[in-house]
Amino acid sequence: IRITGVPNIYRCFLKQNPSGQYFIETQGSNLVYLMTFTHCIDVKHIYCNNIDEVYNVLGVEAARSVIISEIRAVLENFGIYLNTRHTMLL
C-alpha cells in the first residue's frame with residue numbers, strides 16, 4: 001500500500017491482528033491530520049505511541065494511558081507480569 005501526502009508519516013505497513021482485522025502501522029505520526037479523515041479512518045481506533053503528540057492533541061489522561069500501555073507491552077515482551085495497579089503508580 002502506498003500512502004502519500006500525510007506530513008510526518010514516512011512509511012506504512014499493512015498488518016493483520018490475531019482476530020483477522022487489518023490495520024496500517026506507520027513510521028512517523030500526525031494525529032491531528034489523521035483525525036480529520038473521519039470518512040475513511042475509524043478515528044476511535046487510532047493508536048499513537050508518541051506520548052508528546054498524544055498529550056498535545058488529546059490531553060494528559062490520554063498520554064498517561066499511552067505510557068501505561070507501552071510499559072505493559074515492554075514488560076510482556078520479556079514475560080514479566082505486572083499488575084495494572086502497580087504500573088499506574090509510576
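FYI, side chains are in, hydrogens and waters are out, and symmetry mates aren't considered; it's all heavy atoms of this structure. Just so we're clear, the structure is a prediction, and the values are computed from it rather than from any experiment.
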Does [X] belong to the same Ile/Leu/Val/Met/Phe/Trp/Tyr cluster as [Y], with side-chain heavy atoms less than 4.5 Å apart forming each link?
{"X": "Val74", "Y": "Tyr81", "answer": "no"}
{"X": "Met88", "Y": "Leu82", "answer": "no"}
{"X": "Tyr47", "Y": "Leu34", "answer": "yes"}
{"X": "Ile9", "Y": "Val43", "answer": "yes"}
{"X": "Val54", "Y": "Phe37", "answer": "yes"}

message: Quick one: does any side-chain atom of Glu53 pair with a main-chain N or O of Leu31 as donor and acceptor, under 3.5 Å?
response: yes
message: For the backbone of Pro7 and the side chain of Asn30, can you confirm whether one donor and one acceptor N or O come within less than 3.5 Å of each other?
response: yes
Atom [atom1] of [X] and atom [atom2] of [Y]: how far apart are they, to the nearest 0.5 Å?
{"X": "Thr26", "Y": "Arg11", "atom1": "OG1", "atom2": "CZ", "result": "11.5 Å"}
{"X": "Asp52", "Y": "Asn50", "atom1": "CG", "atom2": "CG", "result": "6.0 Å"}
{"X": "Ser69", "Y": "Arg64", "atom1": "OG", "atom2": "CZ", "result": "12.0 Å"}
{"X": "Thr84", "Y": "His86", "atom1": "OG1", "atom2": "NE2", "result": "10.0 Å"}
{"X": "Ile51", "Y": "Glu70", "atom1": "CD1", "atom2": "CD", "result": "6.5 Å"}
{"X": "Ile24", "Y": "Cys12", "atom1": "CD1", "atom2": "SG", "result": "6.0 Å"}

message: So Leu14 and Glu25, do their side chains get closer than 4.5 Å, heavy atoms only?
response: no
statement: Between Gln16 and Tyr22 the two heavy atoms that sit nearest each other are OE1-OH, 3.7 Å
task: Under the side chain to side chain contact (heavy atoms under 4.5 Å, CB included) rule, what do Met35 and Leu58 come out as? Steps first, then yes or no, please.
output: CA-CA 11 Å; Met35 291 180 84; Leu58 300 172; 4.2 Å; yes
field: Neighbour count >12 (heavy atoms, 6.0 Å) for atom CZ, Phe13
entry: yes
